[in-house]
Amino acid sequence: MTVRVRFAPSPTGYLHVGGARTALFDWLFAKKNGGKFILRIEDTDIQRSTRESEESIMQDLKWCGLYWDEGPDVGGIFGPYRQSERVSAGIYEEYANQLLEAGMAYYAIYELEDTKRILKRTTSEKEANKYRQKGHSITVNFKTPNGKTVFDDIAKGKMEFDNSTFEDLVIVKSNGYPTYNFAVVVDDHLMKISHVVRGEDHLTNTPKQIMLYEALGWEKPKFMHIPLILGPDKTPLSKRHGGTSVDYFRSYGIIDKAFVNYLALLGWGVENEIFDPFKKIESFDLHRLSSKPVIFDYAKLEWINGQHMRSMPVEELIEKFKSWLEGNYSKGLGWFENIEYAEKVMEICRQKVNNLKALKDFVEPFFVERPIPTQDAKKILDLPYVQSYLLSALGAIKMLNNWNVKNVERVIRTVAASENISKKKFFQLLRVALLGQTVTPGLFESIYVLGKERSLTRIQYVLNDISK
RNA sequence: GCCCUCAUCGUCUAGUGGUCUAGGACACCGGCCUUUCACGCCGGCGGCUGGGGUUCGAAUCCCCAUGAGGGCGCCA
């Protein structure tokens with residue numbers, strides 16, 4: 001059997017971390033079994049579905065590295081992959097009619113005054129049309145059969161539901177669109193989906209869908225429901241807890257690899273927590289996924305992000321950082337013209353931060369002609385005798401010819417020792433003069449990376465200001 | 001209310017009847033390193049939801065209770 005797994009978002013908003021995790025597991029499962037990963041857009045809610053969110057969802061999936069084999073943009077032999085287009089093709093109508101003809105479904109005619117109350121049920125299309133013309137809204141409802149519905153969930157095992165707990169299911173809305181549960185069944189069948197791996201919020205939809213499979217005489221796929229992601233207070237993760245959209249984490253400065261790493265970690269017990277899920281496809285196993293709701297831990301995500309930032313090749317970090325800058329800031333795009341310099345800067349700055357936003361703050365003073373001092377920095381520059389200390393430093397740096405970190409450290413320490421000031425204060429002063437900030441990478445490394453010329457210029461700038 | 005699922009440190013997890021005085025990671029606390037802030041290293045705190053069984057033996061199996069999550073839409 002060919003494994004075919006789908007991710008089927010409805011385009012009514014951004015891609016949520018929970019959705020991204022489901023998609024990741026779908027993808028992993030498909031690839032592990034040499035199967036296909038399919039993207040289907042469930043836009044049967046015509047009021048809330050938009051093309052913009054469809055596009056942003058696709059963009060976010062791609063950012064996560066989750067590319068699909070079949071989908072609305074790339075096509076495939078089971079298309080179209082947008083349900084609205086499948087409605088136009090009459091796909092759902094055909095099967096609704098089939099159920100109607102078999103007497104397994106009926107037209108529900110609602111009262112004119114109270115559109116929630118069913119006035120009459122009939123299987124006659126003629127009769128239904130008569131009411132339709134009089135302005136009654138009409139849906140097609142599936143008659144819940146008697147008995148029990150049983151299925152095996154890959155994670156949870158045997159699942160048994162008494163059908164009497166379910167109402168009859170609306171399968172075609174009064175506007176002619178199929179409802180979720182109906183469209184899903186038709187599409188999963190027609191698209192030859194072998195495994196339905198989705199969020200646990202769909203667990204009780206499954207028996208309803210299975211009743212439909214059975215009524216239509218179709219073989220049902222295998223099901224697996226994965227737990228939901230909660231916020232720290234164990235309520236569903238929402239904006240109150242911080243960001244929830246993939247886009248939020250991207251603009252916050254989380255790197256794609258780290259994000260996917262964390263998502264995979266949530267529920268997947270691994271020995272080494274820092275890893276690339278795309279390189280561990282072989283060891284992925286749906287059965288080993290945790291089955292309890294998991295709490296999203298922003299702190300751990302950031303820690304993982306920091307680990308990735310430090311361990312990836314600098315060139316790669318620069319690529320990630322550049323595209324992040326492009327998306328979030330207008331400046332900074334010229335920072336990497338001198339790539340050799342840029343790499344050195346990134347190398348010393350990445351040691352200190354856990355996200356790209358923080359990295360930007362560290363890196364920026366190195367790239368501007370003259371850093372603008374922060375409030376704290378200004379206070380230090382206003383202290384007495386600053387001029388003489390800076391002059392000493394300037395002289396020492398000027399004299400230094402063999403430019404390396406060791407030598408920089410040696411001369412700076414020598415000057416510090418000879419001055420009537422604590423070395424701590426002296427170092428802070430220099431740091432602020434050179435970079436305009438009280439928190440920076442190591443002082444000697446910074447001076448070394450800035451280079452002799454740049455360092456001298458910057459100190460001179462400050463001296464000029466003081467003498468004014 | 002009815003139906004379903006789940007239950008190991010604060011969080012994510014390892015653990016599938018004896019190797020568990022329960023292991024790891026994040027967070028937290030303390031120390032080292034140190035020019036700032038971090039990183040890193042070392043150490044600490046901290047848990048099997050409760051009660052009944054089964055068994056020579058239970059975190060592991062069964063039952064009940066409790067708690068948490070989900071569902072019960074012409075939303076998906």
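Chain letters run A, B, ... following the sequence lines, proteins first and then strands; every chain starts at 1.
Using a 4.0 Å heavy-atom criterion, one finds that Asn205(A) contacts the bases of the nucleic acid, with or without backbone contacts as well. Across all strands, Pro236(A) comes closer than 4.0 Å only to sugar-phosphate atoms, never to a base (heavy-atom distances). In this structure, Leu228(A) reaches the sugar-phosphate backbone alone: every heavy-atom distance under 4.0 Å involves primed, P, OP1 or OP2 atoms, never a base. At the heavy-atom level, Ser290(A) lies under 4.0 Å from the strands shown only through sugar-phosphate atoms. Gly306(A) comes within 4.0 angstrom of no nucleic acid atom, judged by non-hydrogen atoms across all strands. Thr12(A) comes within 4.0 angstrom of no nucleic acid atom, judged by non-hydrogen atoms across all strands. Counting any heavy atom pair closer than 4.0 Å across all strands shown, Tyr110(A) reaches a base atom. Across all strands, Gln307(A) comes closer than 4.0 Å only to sugar-phosphate atoms, never to a base (heavy-atom distances). Contacts of Thr165(A) with the nucleic acid, taken as non-hydrogen atoms under 4.0 Å apart, involve only primed sugar atoms and P, OP1 or OP2.
Geometrically, Lys134(A) engages Tyr131(A) in a cation-pi contact, judged by NZ or CZ lying under 6.0 Å from the ring centre and within 45° of the ring axis.
In this structure Phe161(A) satisfies the ring-ring contact (aromatic ring centres under 6.0 Å, His included) test with no other residue, sequence neighbours excluded. With sequence neighbours left out, Asp187(A) forms a salt bridge (charged side-chain N to carboxylate O under 4.0 Å, His left out) with Arg40(A), Arg86(A).
Within 3.5 Å, no donor on the side chain of Thr204(A) pairs with an acceptor on the base of rC4(B), nor the reverse. Within 3.5 Å, a donor on the side chain of Lys300(A) pairs with an acceptor on the base of rA25(B), or the reverse.
Ile171(A) has its CD1 atom 16 Å from the C1' atom of rG73(B), to the nearest Å. We find that CG of Leu289(A) is positioned 13 Å from C1' of rC12(B), with the value rounded to whole Å. One atom, CG of Leu230(A), and another, P of rG10(B), lie 17 Å apart when rounded to the nearest Å. Straight-line distance from the CG atom of Leu169(A) to the P atom of rC72(B): 11 Å, rounded to whole Å. In this entry the distance linking CZ of Phe142(A) with P of rC74(B) reads 16 Å, nearest Å. Per the geometry, CD belonging to Glu302(A) stands 11 Å off P belonging to rC28(B), to the nearest Å. Taking atom CG of Asn163(A) as the reference point, atom P of rC4(B) lies 13 Å away to the nearest angstrom. With rounding to whole Å, Gln428(A) atom CD is found 11 Å from rU35(B) atom P.
Comparing rG1(B) with rC48(B), their P atoms are spaced 30 Å from each other, to the whole Å. Using C1' as the reference atom, rG44(B) and rC63(B) are 40 Å apart when rounded to the nearest Å. Comparing the same atom, P, in rU16(B) and in rA76(B) gives a spacing of 44 Å after rounding to whole Å. Nucleotides rA14(B) and rU49(B) are separated by 15 Å at their P atoms, to the nearest Å. Across the C1' atoms, rG46(B) and rG24(B) are found 14 Å apart, a figure rounded to whole Å. Rounded to whole Å, the P atom of rG50(B) lies 11 Å from the corresponding atom of rA59(B). rG23(B) sits 14 Å from rG43(B) when the P atoms are compared, rounded to a whole Å. Comparing the same atom, P, in rC39(B) and in rG15(B) gives a spacing of 30 Å after rounding to whole Å.
When distances are taken from the side chain of Met159(A) to each of rC74(B), rU5(B), rC12(B), the shortest belongs to rU5(B). The Lys234(A) side chain lies nearest to rU11(B) when the options are rU5(B), rA76(B), rU11(B). Of the candidate nucleotides rA25(B), rC3(B), rC6(B), rA25(B) has the atom nearest to the side chain of Trp303(A). Of the listed nucleotides (rC4(B), rA76(B), rC12(B)), rC4(B) has the atom at the smallest distance from the side chain of Phe161(A). Nearest nucleotide to the Glu273(A) side chain, out of rC12(B), rG40(B), rU35(B): rC12(B). Among the nucleotides rU36(B), rC6(B), rA76(B), the one closest to the side chain of Ser291(A) is rC6(B). Comparing rA7(B), rU35(B), rU5(B) against the side chain of Lys292(A) picks out rA7(B) as the nearest. The nucleotide whose nearest atom lies closest to any side-chain atom of His202(A) is, among rA76(B), rU35(B), rC12(B), rA76(B). Checked against rA76(B), rG69(B), rU13(B), the side chain of Val294(A) finds its nearest nucleotide in rU13(B).
Between Leu301(A) and Arg21(A), the residue anchored nearer the 5' end of RNA chain B, judged by the nucleotide with its closest heavy atom, is Arg21(A). Nearest-nucleotide positions on RNA chain B for Lys156(A) and Asn354(A) put Lys156(A) closer to the 5' end.
In this structure, Thr144(A) and Met211(A) have side chains that are in contact, with non-hydrogen atoms separated by less than 4.5 Å. Considering only heavy atoms from C-beta on, Phe367(A) comes within 4.5 Å of Val345(A) through its side chain. Side chains of Val439(A) and Arg431(A) form no contact here, defined as non-hydrogen atoms less than 4.5 Å apart.
Phosphate contact (OP1/OP2 of rG71(B), side-chain N/O of Lys208(A), threshold under 4.0 Å): absent. Dashed line: the shortest gap from a side-chain N or O of Ser10(A) to OP1 or OP2 of rC75(B) is not under 4.0 Å. Distances shorter than 4.0 Å separate none of the side-chain N or O atoms of Arg48(A) from OP1 or OP2 on rA76(B). Of the side-chain N and O atoms in Lys425(A), none sit less than 4.0 angstrom from OP1 or OP2 of rU36(B). Considering only side-chain N and O atoms, Lys173(A) lies under 4.0 angstrom from the phosphate OP1 or OP2 of rA76(B).
The partner of rA76(B), taking Watson-Crick or G-U wobble pairs whose two distances both stay under 3.5 Å, does not exist in any strand shown. Pairing for rU35(B) is absent, judged as Watson-Crick or G-U wobble with the two contacts each under 3.5 Å. Nucleotide rG69(B) forms a Watson-Crick or G-U wobble pair with rC4(B), both donor-acceptor distances falling under 3.5 Å. As the counterpart of rC20(B), no nucleotide is assigned, since no Watson-Crick or G-U wobble pattern has both distances under 3.5 Å. In this entry rG30(B) has rC42(B) as its Watson-Crick or G-U wobble partner, both defining distances falling under 3.5 Å. Using Watson-Crick or G-U wobble geometry with both donor-acceptor distances under 3.5 Å, rG50(B) finds its partner in rC64(B).
In terms of modelled atom types and a separation under 3.5 Å, the side chain of Tyr92(A) and the main chain of Ala89(A) share no donor-acceptor contact.
The two residues Ser174(A) and Thr139(A) make their nearest non-hydrogen contact at N-CG2, 3.8 Å.
When ring centroids are compared, Phe142(A) and Tyr106(A) stay outside the 6.0 Å threshold.
Between the side chains of Tyr180(A) and Asp45(A), not a single donor N or O lies within less than 3.5 Å of an accepting N or O.
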